[in-house]
**Student:** 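I'd like to ask you about the structure that follows.
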Amino acid sequence: MTTNSVSLPDARPVRVRFAPSPTGFLHIGGARTALFNWLYARHTGGTFLLRIEDTDAARNSQEAVEVILTGLRWLGLDWDEGPLTGDASAPGKGAVGPYFQSQRGDRYRERVAWLVANGHAYEHEGAIRFRMPRDPIVIPDLVVGKVTRELTDREKLEPDFVIVRSDGQPVFHLVNVVDDLDMGITHVIRGEDHLSNTAKHIALFRAFGVAPPEYAHIPLILNIDGSKMSKRDKGASLLSYIEEGFAPEAVANYLCLLGWSPKGNREVVSLPEVVSLFDLPQILRHNARFDLKKLHWLNGEYIKTMSGERFHELAVQALQRMGFNTAAFPAAYVKAAVETAKPKVKQFTEVRHFAAFYFRDELEFDTAELRTELLATDRVLLGRLRAAFAAVAAWDAKSSEAALKAVATEAAVKIGLLVHPLRLAVSGSPVGPSLYHALEVLGREKVLQRLDWVLNQAPA
RNA sequence: GACCCUAUCGUCUAGCGGUUAGGACACCGCCCUUUCACGGCGGGUGCACGGGUUCGAUUCCCGUUAGGGUCGCCA
């Protein structure tokens, strides 16, 4: 029997929560904690609650809460109980609210008074301290196993810890436990950074005379170099993935793969399927490093199978964020243009390279060198290509391809000699969508215009 | 300093005493091709180290090392 197979079937319906502090920032690790809680609730048919731990007035604002709500909604993590907006005083959804700690002061005062009255806590220099047991506390953990936590040397000097500051504000350990108790939380799924603190929480639950919830401490997400991911690190904020053009389903899928596996050599797994496969004991115990390249690949996988409509929606969104006024172009043109980028794009910010040229009046080169390179091409050859294009009867991908190949054959050159400068001339970039399809979408007029521009420039 | 957790390719992982240690990303090579990209095929790289236990350890135990976490009138 391994140490972590400790869970017996529990009659109580599962109630889990994500309890972030509104810092104006949703950490990617926090997002994964929320995801794992959500997965467990959905897997067990339980309830997922969102609780805002805004006891620290200094870092508390409505906007900061909205960041969390927006991030969770973007990932597709809906909560059964919790706030509806960032407004702490507004009513939330659920029977055990308020779901903002700033609104629960009475509960905390009541609980603290009880602890003091029953000898579990006492006032000391204006603050209230909890009488912490001196003996080691055993933490049964669904992922880590049985952990015996002894006091550290510092704690031995003063084992009792503050639960209410001298200014009257209750402290995290107290409010966290009181809320979990009052909200009927059955499983606490949180980052491993809380494992050591759990001894305090268990002691508090016992003082209140109730059994602590089940615990599941999940490993942390580290930077790719193994250092801890702090707020400052690139990619630490969930918001950055929204801005960098990732699809939420890809990010959620990738997060699932960190510390958990669907087995069977699979990587692409939809959230509904993860819901059915997910369970706590299978979570890995070691930290994972965040590999942006794999997320990038995974995002590409999702884009490949994405409907044209959804791709269109997200691509246009990305273009507009980059300042392209796609609305100024005919809808059919935008649709066709964006479509040519779909097979090549792995991230929505990349539509800039694959579709921006459709929406620019002036040719813009990726680099100055490319401009020089284009102006150095054989004008005679390019002129013949222009003439052939002008003579094509019906302008489409097939006919422009045929025309280009005919010119190449006639001139006895490899088609690459035409293709490369042509691509540069119409898009300003050496990489892009299927060239002939791009020509078709762009329209003959614009193609000839851009070729003329090159032909009229002084040779490099 | 003390306490706690962890350790399979560069990265994410499968493996739960006997395997040619599997997959994916990344990387390299080849093919396809619209000299790019996309796609296809192929390739290399791994059980941190040292002791046990065992007929046999990647797998179990102990230690070392390394990484991470915690010890706050922050959450």
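Below, read A as the first sequence line, B as the second, and so on, with proteins coming before strands; counting in each chain starts at 1.
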**Student:** Looking at B:C73, B:C5, B:C3, which one has an atom nearest to any side-chain atom of A:E150?
**Tutor:** B:C3
**Student:** Base, sugar-phosphate or nothing for A:S166? Non-hydrogen atoms, less than 4.0 Å.
**Tutor:** base
**Student:** Please name all residues satisfying side-chain contact (heavy atoms from CB on, under 4.5 Å) with A:V164, sequence neighbours left out, ordered by chain then number.
**Tutor:** A:V112, A:I128
**Student:** Write down the distance separating the P atoms in B:C4 and B:U45, rounded off to the nearest Å.
**Tutor:**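 The same atom, P, in both gives a distance of 39 Å.
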**Student:** Please examine the side chains of A:F348 and A:F311, heavy atoms only from C-beta on, and report whether any two atoms are closer than 4.5 Å.
**Tutor:** yes
**Student:** Look at the side chain of A:K293 and the base of B:C25, then say whether one donor and one acceptor between them are separated by less than 3.5 Å.
**Tutor:** no
**Student:** Let's see if you can work this out: which of B:U6, B:C5, B:A75 has an atom nearest to the side-chain heavy atoms of A:R285?
**Tutor:**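 Ranking B:U6, B:C5, B:A75 by closest atom to the A:R285 side chain puts B:U6 first.
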**Student:** Would you indicate which nucleotide in B:A75, B:U6, B:U11 comes nearest to any side-chain atom of A:D291?
**Tutor:**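 Nucleotide nearest to A:D291's side chain: B:U11.
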**Student:** In chain order, what residues pass the side-chain contact (heavy atoms from CB on, under 4.5 Å) check against A:T305, with sequence neighbours excluded?
**Tutor:**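 Testing A:T305 for side-chain contact (heavy atoms from CB on, under 4.5 Å), a comparison that skips the adjacent residues, returns none.
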**Student:** Measure the shortest side-chain to side-chain distance between A:V188 and A:R17 over non-hydrogen atoms and say whether it is less than 4.5 angstrom.
**Tutor:** yes
**Student:** Going by purine N1 to pyrimidine N3 plus the second Watson-Crick contact, or the G-U wobble pair, all under 3.5 Å, which nucleotide sits opposite B:U59?
**Tutor:**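 Paired with no nucleotide.
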**Student:** How would you list all residue pairs meeting side chain to side chain donor-acceptor pair (under 3.5 Å) that involve residues 404-416 of chain A, not counting sequence neighbours?
**Tutor:** A:E401-A:K405
**Student:** Are there any protein N/O atoms within less than 3.5 Å of an N/O atom in nucleotides 28-35 of chain B, and if so, which ones and at what distance?
**Tutor:**
unit_1	atom_1	unit_2	atom_2	d
B:U34	O2	A:R423	NH2	3.0
B:U34	O2	A:L435	N	2.9
B:U34	N3	A:S434	OG	3.2
B:U34	N3	A:L435	N	3.2
B:U34	O4	A:S434	OG	2.5
B:U35	O4	A:G416	O	2.9

**Student:** Which residues satisfy the side chain to side chain donor-acceptor pair (under 3.5 Å) test with A:R129, sequence neighbours excluded?
**Tutor:**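 A:R129 satisfies side chain to side chain donor-acceptor pair (under 3.5 Å) with no other residue.
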**Student:** Students often get this wrong, so: under 4.0 angstrom with heavy atoms, is A:P343 touching a base, only sugar-phosphate, or nothing?
**Tutor:** sugar-phosphate
**Student:** Verify the neighbour count for atom NZ of A:K335: are there more than 12 heavy atoms of other residues, nucleotides or ligands below 6.0 Å?
**Tutor:** no
**Student:** Please enumerate all residues that pass side-chain contact (heavy atoms from CB on, under 4.5 Å) together with A:V274, with sequence neighbours excluded.
**Tutor:** A:L39, A:C256, A:W260, A:V269, A:F278
**Student:** Can you run down the side chain to side chain donor-acceptor pair (under 3.5 Å) pairs that involve residues 434-443 of chain A, sequence neighbours left out, and say none if there aren't any?
**Tutor:**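 Residue pairs passing side chain to side chain donor-acceptor pair (under 3.5 Å), neighbours aside: A:S434-A:H437.
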**Student:** With rounding to the closest Å, how many angstrom separate the C1' atoms on B:G68 and B:G22?
**Tutor:**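 28 Å, rounded to whole Å.
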**Student:** Could you tell me how far apart A:I221 (CD1) and B:U13 (C1') are, to the nearest whole angstrom?
**Tutor:** 15 Å
**Student:** Please confirm whether any donor atom in the side chain of A:K263 sits under 3.5 Å from an acceptor in the base of B:A14, or the reverse.
**Tutor:** no
**Student:** Expressed as a whole number of angstroms, how long is the span from A:D225:CG to B:G10:P?
**Tutor:** 15 Å
**Student:** For nucleotides B:A21 and B:G44, find the distance between their P atoms and express it as a whole number of Å.
**Tutor:**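 It works out to 13 Å between them.
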**Student:** Starting from P on B:A37, measure out to CG on A:D366 and report it in whole angstrom.
**Tutor:** 14 Å
**Student:** Give the rounded distance in Å between these two atoms: CG of A:L255 and C1' of B:U13.
**Tutor:**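 Atom-to-atom, A:L255 to B:U13, this comes out as 15 Å.
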**Student:** Please work out if A:S429 contacts a base, only the sugar-phosphate, or nothing of the nucleic acid, heavy-atom cut-off 4.0 Å.
**Tutor:**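 Answer is nothing: A:S429 stays at 4.0 Å or more from every strand.
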**Student:** Once you apply the 3.5 Å cut-off to both distances, tell me the Watson-Crick or G-U wobble partner of B:A24, or none.
**Tutor:** B:U11
**Student:** Determine the sole option in A:R32, A:R285, A:H194 for which the side chain to side chain contact (heavy atoms under 4.5 Å, CB included) test with A:I218 is passed.
**Tutor:**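 So, applying the side chain to side chain contact (heavy atoms under 4.5 Å, CB included) to A:I218 and each of A:R32, A:R285, A:H194, only A:R32 qualifies.
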**Student:** Touch check for A:A288, heavy atoms < 4.0 angstrom, all strands: base, sugar-phosphate only, or nothing?
**Tutor:** sugar-phosphate
**Student:** Pairing check on B:A66: which nucleotide meets the Watson-Crick or G-U wobble criteria with it, both distances under 3.5 Å?
**Tutor:**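 The answer is B:U6, by the H-bond criterion.
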**Student:** For nucleotides 59-72 of chain B, just jot down a letter per nucleotide in 5' to 3' order: B, S or -, based on protein non-hydrogen atoms under 4.0 Å.
**Tutor:** --------SBBSB-
**Student:** Could you go over nucleotides 39-43 of chain B and give all protein N or O partners under 3.5 Å, atom names and distances?
**Tutor:**
unit_1	atom_1	unit_2	atom_2	d
B:G39	OP1	A:K304	NZ	3.1

**Student:** Mind checking what makes side chain to side chain donor-acceptor pair (under 3.5 Å) contact with A:R310, not counting sequence neighbours?
**Tutor:**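 With sequence neighbours excluded, A:R310 shows a side chain to side chain donor-acceptor pair (under 3.5 Å) to A:E249, given in chain and number order.
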**Student:** Take atom CG of A:L284 and atom C1' of B:G15, then tell me their distance rounded to the nearest Å.
**Tutor:** 11 Å
**Student:** Nearest-nucleotide wise, let me know which of A:E267 and A:K156 is further upstream toward the 5' end of RNA chain B.
**Tutor:**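 It is A:K156 whose nearest nucleotide is closer to the 5' end.
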**Student:** A:G259 near the nucleic acid: base, sugar-phosphate alone, or nothing, with a heavy-atom cut-off under 4.0 Å?
**Tutor:**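 Sugar-phosphate, backbone atoms only, no base.
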**Student:** Between P on B:G15 and CG on A:N265, what's the gap in Å once rounded to a whole number?
**Tutor:**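 About 10 Å, once rounded to whole Å.
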**Student:** To the nearest Å, how far apart are A:F290 CZ and B:U13 P?
**Tutor:**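 So the CZ-P distance, A:F290 to B:U13, works out to 12 Å.
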**Student:** Return the set of residues passing ring-ring contact (aromatic ring centres under 6.0 Å, His included) with A:F130 (not counting sequence neighbours), or none when no residue passes.
**Tutor:**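 Here the qualifying residues are A:F161.
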**Student:** Among A:H124, A:R134, A:R131, which residue meets the side-chain hydrogen bond (donor to acceptor under 3.5 Å, both in side chains) test with A:D160?
**Tutor:** A:R134
**Student:** Check every atom of B:A75, B:U6, B:C12 against the side chain of A:L257 and return the nucleotide holding the closest atom.
**Tutor:** B:C12
**Student:** For residues 422-431 of chain A, which residue pairs pass the salt bridge (Lys or Arg N to Asp or Glu O under 4.0 Å) check, not counting sequence neighbours?
**Tutor:** none
**Student:** Take the protein atom CG of A:N253 and the nucleotide atom P of B:A24, then report the distance between them rounded to whole Å.
**Tutor:**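 My rounded result for the distance is 16 Å.
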**Student:** For B:C30, which nucleotide is its Watson-Crick or G-U wobble mate, given both distances must be under 3.5 Å?
**Tutor:**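 Paired with B:G40.
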